[in-house]
Amino acid sequence: LYDNRKRVTRPMMRKDGKLVEVSWDEALAAVAAKAKKGSVLGLAASAVTNEALAAFAALFKKVGGKAGRIEPAAPALGYGKPATVRDILDADYIVVAGADPLSYQRVVGYFIKRAADNGAKVALISDTDNGLSGCAELCVSYAEAGKVAEAAAKAKKVVVVYSLGLKAEAVKGLKPLADKALFLALDPARNGKGAEAAGLAPQAVEKADLLYCMLGEQAEEDGFAAKLDGAFIVVQASYDSPLVERADVVLPAPVWSEHSGHVTNLDGKVLPVNAVLSMPEGVREEAAVLEALTKML
């Protein structure tokens, strides 16, 4: 509601070194022509609908290119049963490992604080402080994760909340809880579970003849654009950015309040999303654009 970045509301193409407004037909024809030649790489931000993520994966399968999500994800543990967010509320021992929920999954952070207020013990495994340090009775480094596993073994219901900061020594140290605890993987990205369901794993920037970035509302990461030299760059985005400014084709995208479709929450439940505002004239849903491109190919 308070985003002051400049919106992208019309398709654009680079002509004579400058981005100029063009029709949707011209922009999509240019992308389709390039996609038929050379190597293709797709990078998607997860903060879009499941329909857009599925259409993105289908497009790159069609052209035989690589595709993945921009954001990193929590590592796979290889053990344990999954927890739901509500399991936190009736746990009597909560382990937070390599995660900072109050920074990027605040509901989870608030649930942990509420459980602590109701008597649950909280243990923090991290090499740095975070927002939950104040309610943790035990704070240890990753190398000392085994101490937490020993303390938690006496509890009735243990929930382990972990994220991308988790290190190998903590994965090993928590393994004794594999059959006792429930494990909740926190994805920092909005709709990271939707990206996972679409088969979009974290993907590094690689050399390609065509690079398609479905950026949506996400701000470009520092230095991201500098890695893209030599590629024909297509950016599907809601807002202007350095990446948009150096793109060869720009396709406008809706913001969160204009989306319709579905997302997948942390518990793996698919939920409907209903637009509350109309998209500006000239903007199209990501999924519709990607499906049109797939048909052209």
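Count residues from 1 along the sequence. Owing to the predicted nature of the structure, the values given are computational and were not obtained by experimental measurement.
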Trace of the side chain to side chain contact (heavy atoms under 4.5 Å, CB included) decision for F56 with L293: CA-CA 10 Å; F56 189 83; L293 270 173; over 6 Å; no
Connected to M279, directly or through other members, by ILVMFWY side-chain contacts below 4.5 Å are V283
Which side-chain N or O atoms in residues 19-45 pair as donor and acceptor under 3.5 Å with protein atoms at least two apart or in another chain?
{"from": "S23", "atom 1": "OG", "to": "E26", "atom 2": "N", "distance (Å)": "3.1"}
{"from": "W24", "atom 1": "NE1", "to": "G282", "atom 2": "O", "distance (Å)": "2.9"}
{"from": "E26", "atom 1": "OE2", "to": "K15", "atom 2": "NZ", "distance (Å)": "2.8"}
{"from": "S39", "atom 1": "OG", "to": "D209", "atom 2": "N", "distance (Å)": "3.0"}
{"from": "S39", "atom 1": "OG", "to": "D209", "atom 2": "OD2", "distance (Å)": "3.3"}

Does the side chain of W256 come within less than 4.5 Å of V273's, by heavy atoms? no
**SB check D127 K167 (cutoff 4.0 Å)** = yes
Donor-acceptor pair, side chain of Y93 and main chain of A181, under 3.5 angstrom: no
The test is side-chain hydrogen bond (donor to acceptor under 3.5 Å, both in side chains); show your working for E217 and Y239 and say whether it passes.
CA-CA 6 Å; E217 294 177 75; Y239 295 104; 4.5 Å; no
Problem - Donor-acceptor contact present, side-chain D267 to main-chain V85, <3.5 Å - result: yes
Between the SG atom in C135 and the CD1 atom in I112, the distance rounded to the nearest 0.5 Å is 7.5 Å
Would you check if V48 and L53 make a side-chain contact, meaning some heavy-atom pair closer than 4.5 Å? yes
request  = Report the C-alpha separation of L77 and Y162 in whole Å, then their side-chain angles, then the decisive distance to 0.1 Å, and conclude whether the side chain to side chain contact (heavy atoms under 4.5 Å, CB included) test is met.
outcome  = CA-CA 10 Å; L77 295 181; Y162 68 98; 3.5 Å; yes
So the salt bridge (charged side-chain N to carboxylate O under 4.0 Å, His left out) pairs with at least one residue in residues 104-126 (sequence neighbours excluded) are none
Which donor-acceptor pairs under 3.5 Å do side chains of residues 169-177 form with protein atoms, sequence neighbours excluded?
none

In a table with atom names and distances, give each donor-acceptor pair under 3.5 Å that connects a side chain of residues 145-155 to protein atoms at least two apart or in another chain.
{"from": "K147", "atom 1": "NZ", "to": "E144", "atom 2": "OE2", "distance (Å)": "3.1"}

Between D187 and A73, is there a donor-acceptor pair closer than 3.5 Å when you use the side chain of the first and the backbone of the second? no
Is any side-chain heavy atom of S238 closer than 4.5 Å to a side-chain heavy atom of Q218?
-> no
Closest non-hydrogen atoms of E286 and A52, given as atom of the first, atom of the second and distance, are CB-CB, 3.7 Å
Check your understanding: Passes side-chain hydrogen bond (donor to acceptor under 3.5 Å, both in side chains), N50 versus T264? Steps please.
Key -> CA-CA 7 Å; N50 290 351; T264 305; 2.9 Å; yes
Donor-acceptor pair, side chain of D100 and main chain of N130, under 3.5 angstrom = no
Please evaluate residues S46 and E71 with respect to the criterion side-chain hydrogen bond (donor to acceptor under 3.5 Å, both in side chains), reporting the C-alpha separation (whole Å), side-chain torsions for both, the decisive distance (0.1 Å), and the verdict. CA-CA 8 Å; S46 301; E71 312 93 348; 2.9 Å; yes
In short, P188 meets Y104 closest at the heavy-atom pair CA-CD1, 3.7 Å
Quiz item: With a 4.0 Å cut-off, would you call D3 and R5 a salt bridge?
Solution: yes
Practice problem: Establish whether I70 and F60 are linked, either directly or via other cluster members, by ILVMFWY side-chain heavy-atom contacts under 4.5 Å. | Solution: no
Nearest heavy-atom approach of H262 to N191 is O-ND2, 4.5 Å
NZ of K156 to NZ of K180, rounded to nearest 0.5 Å, is 10.0 Å
R14 side-chain N/O to A247 backbone N/O, donor-acceptor pair under 3.5 Å:
yes
Residues joined to L277 in its hydrophobic cluster, side chain to side chain under 4.5 Å directly or through other members, sorted by chain and number, are V276
Charged N to carboxylate O under 4.0 angstrom, D87 versus K157? yes
CZ (R86) and CG (L266) are apart, to the nearest 0.5 Å, by 13.0 Å
Note to self: Any heavy-atom pair between the side chains of L166 and L164 that's under 4.5 Å?
What the structure shows: no
inquiry  = Hydrophobic cluster membership, with links at side-chain heavy-atom distances under 4.5 Å among I/L/V/M/F/W/Y: are L59 and F232 in one?
reply    = yes
Note to self: In this structure, would V235 and L211 fall into the same cluster of hydrophobic residues linked by side-chain contacts under 4.5 Å?
What the structure shows: yes
- prompt: Are V159 and V122 connected, step by step, through hydrophobic side chains (Ile, Leu, Val, Met, Phe, Trp, Tyr) whose heavy atoms are closer than 4.5 Å?
  reply: yes
Shortest non-hydrogen pair, A208 vs A231, comes out as O-CB, 3.2 Å
Review point. Side chains of L186 and V161: closer than 4.5 Å at any heavy-atom pair?
Key: yes
Check whether any side-chain heavy atom of P11 lies under 4.5 Å from a side-chain heavy atom of V249, and answer yes or no. no
Tightest non-hydrogen contact, residues R7 and P254, listed as NH2-CA, 4.1 Å
Check the hydrophobic clustering (I, L, V, M, F, W, Y; side-chain heavy atoms under 4.5 Å; chains of links allowed) and say if L102 and V108 are grouped together. yes
**Main-chain N/O of C213 paired to Q236 side chain as donor or acceptor, under 3.5 Å** = no
Worksheet item: Can you find a heavy atom in the side chain of T9 that is under 4.5 Å from one in the side chain of E281?
Response: no
Verdict with reasoning, Q203 to R69, per side chain to side chain contact (heavy atoms under 4.5 Å, CB included): CA-CA 6 Å; Q203 171 68 50; R69 56 181 271 185; over 6 Å; no
query: Could you go step by step and tell me if L124 and S133 meet the side chain to side chain contact (heavy atoms under 4.5 Å, CB included) rule?
result: CA-CA 7 Å; L124 186 65; S133 299; 3.5 Å; yes
Contact between P101 and L132 at the side-chain level, heavy atoms closer than 4.5 Å - yes or no? yes
Here the gap from L271 atom CG to N265 atom CG, rounded to the nearest 0.5 Å, amounts to 5.0 Å
Note: G98 and Y142 closest approach over all heavy atoms is CA-OH, 3.3 Å
Are the side chain of S163 and the backbone of G165 linked by a donor-acceptor contact shorter than 3.5 Å? no
